[in-house]
Protein chains: 2
Amino acid sequence: MSTAPAFKRLPRAVREQQMLDAAVKVFSRRGFHAASMDEIAEDAGISKPMVYAYLGTKEELFVACLHREGTRMMQAIAGAAAPDLPADERLWRGLRAFFGFVGAYRDGWAVLYRQARGEQPFAGELATMRARLVEVVAGMLDHALRAEGREVAGTDLEVVAYALVGATESLADWLADHPEADPEKTATRMMNVAWLGAGQLLHGVTWRPASD
Amino acid sequence: MSTAPAFKRLPRAVREQQMLDAAVKVFSRRGFHAASMDEIAEDAGISKPMVYAYLGTKEELFVACLHREGTRMMQAIAGAAAPDLPADERLWRGLRAFFGFVGAYRDGWAVLYRQARGEQPFAGELATMRARLVEVVAGMLDHALRAEGREVAGTDLEVVAYALVGATESLADWLADHPEADPEKTATRMMNVAWLGAGQLLHGVTWRPASD
DNA sequence: GAGCATACCTACTCGTGCGTAGGGTTACGC
DNA sequence: GCGTAACCCTACGCACGAGTAGGTATGCTC
């Protein structure tokens, strides 16, 4: 008898994106465990069984979120930092893209990122992404140094890169918590710490000749 | 009639510590939500109601863990970095103490720290601690610069300090995940990045004169 | 050695939230 | 215009885990 249904019927691909949007939002607000599938479904404007039908288990749903956001970010960065530029310019553009991304998705991405670290099932996924970033940064540093005829042990390079990535993530958190802050400016600051600090260090200057 | 009881009766203070030990362990393994009070109680060798009687709610228990570990760490750092030393020496000793602490408590502290970031109720507690650290680091940098007759805007100082603290936490995570790594060496590396990078930067050298 | 506080337990209640069973309706191909 | 597949719903079952009720034993004090 059909009093026109309040809901539109939509193709699967669209609904999936809506669900992912809702999931990202709710997961980031509440955290993985505290988030309920019911709330996600409601926020997506759809009923729970649909979520299960399309995206599966709660864990699978979370992984899907992680995956989508992760890919987006990586593409944003990769797109900005073309490999044929000089290393410092690549680093700068990469940082700009990164902070721009975080600034745009604020509560979305950053908190999702914060979530994933805590829960065992997802820590691995995250670690992989971070590892890729570290590798890229280490690559840039290495490239820049070789261009100047210097050479540095791989491990040192990696640890320094790790520290830089950590500092960057930390500033991203700070940015996510300070809506008034300017992503561009944050990127500049990070660039300064990174390029100058790492540069100095890897050029052979050390604070204290390690006695061990 | 008393067939000697399998459990020893112990004074409250002792049991509380045992419970906290167990709680830290379980929380760090499983995460706040996934951890069950039953498991914590069992691991502490005691029954659940005792936990509630002594340490209260699950949330309160977690806060107690956070508090104990946090205080321990802060004391370790404060004890090492006496305020009458020159800034670089203070920073160095602080870092050594910090990484030493993380190295000693590995899965305990680091993962607990990772946990607290994700869950709203505790994020604040953590933020406060981090803020204190940032303040201290910023103070060191400021002190060092004033000694050389330079002056830097407060916000810049704070953001740089924030980045340094972030980098340090990041390396602490790395350390916690690499049991074979040497805390001392990690501290040296961090010291290099921190002191040289921040020093350069705050001395007025900039990578690119910010055009905004 | 009686009284009382403290340490300690077993065994429940009850809410919450994941995941599903089973069924209805719209569009699209033929 | 009719079958069939895709979209979508209202319920529920069921496990798990936080927190509690109510009681027992042990040691300490006077």
Side-chain angles (χ1 to χ4, degrees), chain A residues 1-23 25-65 115 118-122, chain B residues 1-23 25-65 115 118-122:
Chain A
M1 44 156 80
S2 61
T3 46
F7 324 73
K8 268 209 201 115
R9 265 164 110 79
L10 292 174
R12 174 167 186 155
V14 175
R15 275 277 129 92
E16 279 185 348
Q17 290 309 310
Q18 293 178 344
M19 290 176 187
L20 286 175
D21 290 342
K25 185 170 149 194
V26 175
F27 277 137
S28 61
R29 282 218 201 311
R30 306 241 188 263
F32 175 73
H33 279 280
S36 81
M37 293 298 266
D38 294 88
E39 188 179 351
I40 292 172
E42 191 189 336
D43 196 286
I46 205 91
S47 78
K48 206 171 31 156
M50 288 308 299
V51 181
Y52 280 90
Y54 285 173
L55 278 328
T57 303
K58 193 183 184 185
E59 283 203 2
E60 289 167 347
L61 175 59
F62 190 84
V63 170
C65 292
Q115 278 317 318
E119 321 284 341
Q120 282 83 347
F122 318 117
Chain B
M1 45 152 83
S2 61
T3 48
F7 323 74
K8 267 209 201 115
R9 260 161 115 68
L10 292 174
R12 175 168 185 155
V14 176
R15 276 276 128 92
E16 279 185 347
Q17 291 309 311
Q18 294 178 344
M19 290 176 187
L20 285 175
D21 290 342
K25 185 170 147 194
V26 175
F27 278 137
S28 62
R29 283 219 200 311
R30 307 243 188 260
F32 176 73
H33 279 280
S36 82
M37 293 298 266
D38 293 88
E39 188 180 352
I40 292 171
E42 191 189 337
D43 196 287
I46 204 93
S47 78
K48 204 170 32 156
M50 288 309 297
V51 181
Y52 280 89
Y54 286 172
L55 279 328
T57 304
K58 193 183 183 185
E59 283 204 3
E60 289 167 347
L61 175 59
F62 190 83
V63 170
C65 292
Q115 278 317 317
E119 322 284 340
Q120 283 81 350
F122 317 117

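Chain naming here is simple, since letters A, B, ... match the order of the sequence lines and numbering starts at 1 in each.
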Q. With sequence neighbours left out, what residues match A:Lys58 under salt bridge (Lys or Arg N to Asp or Glu O under 4.0 Å)?
A. none
Q: Could you pull out all residues at least two apart from A:Pro49 that satisfy side-chain contact (heavy atoms from CB on, under 4.5 Å)?
A: A:Ser47
Q | Nearest-angstrom distance from the residue atom OH of B:Tyr52 to C1' of C:dT10 | A | 16 Å
Q.
If you go through the side-chain atoms of A:Lys58, does one of them form a donor-acceptor pair with the base of C:dG19 closer than 3.5 Å?
A. no
**Q.** Partners passing side chain to side chain donor-acceptor pair (under 3.5 Å) against B:Asp38 (at least two apart in sequence or in another chain)
**A.** none
Q | Sequence-distant partners of B:Glu42, side chain to side chain donor-acceptor pair (under 3.5 Å), two or more places apart | A | none
Q: Output all residues satisfying side-chain contact (heavy atoms from CB on, under 4.5 Å) with B:Ala44, sequence neighbours left out; order by chain, then residue number.
A: B:Met19, B:Ala22, B:Ile46
Q. Taking atom C1' of D:dG17 as reference, at what distance in whole Å does atom CD of B:Glu42 sit?
A. 14 Å
Q.
Of the options C:dC8, C:dG19, D:dG19, whose atoms approach the side-chain atoms of A:Lys48 most closely?
A. C:dG19
Q: Give me the ring orientation class for A:Phe32 and A:Phe27: parallel if the planes are under 30° apart, tilted from 30 to 60°, perpendicular past 60°.
A: parallel
Q. With a non-hydrogen cut-off below 4.0 angstrom, is A:Ser36 in contact with a base, only sugar-phosphate, or nothing?
A. sugar-phosphate
Q) Which sits closer to the 5' end of DNA chain C, A:Pro49 or A:Ala34, going by the nucleotide each is nearest to? A) A:Ala34
Q) What is the distance from CE of A:Met37 to P of C:dT16, rounded to the nearest Å? A) 19 Å
Q: Calculate the interatomic distance between A:Glu16 atom CD and D:dA6 atom P; express it in whole Å.
A: 14 Å
Q: Measure the distance from CG on B:Leu61 to C1' on D:dG17 and round it to the nearest whole Å.
A: 15 Å
Q. Would you say A:Thr57's side chain and A:Glu60's backbone share a donor-acceptor pair under 3.5 angstrom?
A. no
Q: Please state how far atom NE2 in B:His33 lies from atom P in D:dA15, giving the value in whole angstrom units.
A: 23 Å
Please list each protein N or O that sits under 3.5 Å from an N or O in nucleotides 3-7 of chain C, with the distance.
{"residue": "C:dT6", "atom": "O2", "partner": "B:Arg9", "partner atom": "NH2", "Å": "2.9"}
{"residue": "C:dA7", "atom": "OP1", "partner": "B:Arg12", "partner atom": "N", "Å": "3.3"}
{"residue": "C:dA7", "atom": "OP2", "partner": "B:Tyr54", "partner atom": "OH", "Å": "3.4"}
{"residue": "C:dA7", "atom": "O5'", "partner": "B:Tyr54", "partner atom": "OH", "Å": "3.2"}
{"residue": "C:dA7", "atom": "O3'", "partner": "B:Leu10", "partner atom": "O", "Å": "3.4"}
{"residue": "C:dA7", "atom": "N3", "partner": "B:Arg9", "partner atom": "NH1", "Å": "3.2"}

(Q) Over all strands shown, is B:Ala41 touching base, sugar-phosphate only, or nothing at heavy-atom distances under 4.0 angstrom? (A) nothing
Q. What is the distance from CZ of A:Arg30 to C1' of C:dG17, rounded to the nearest Å?
A. 14 Å
Q) Nearest-Å distance, CD1 (B:Ile40) to C1' (D:dG17)? A) 12 Å
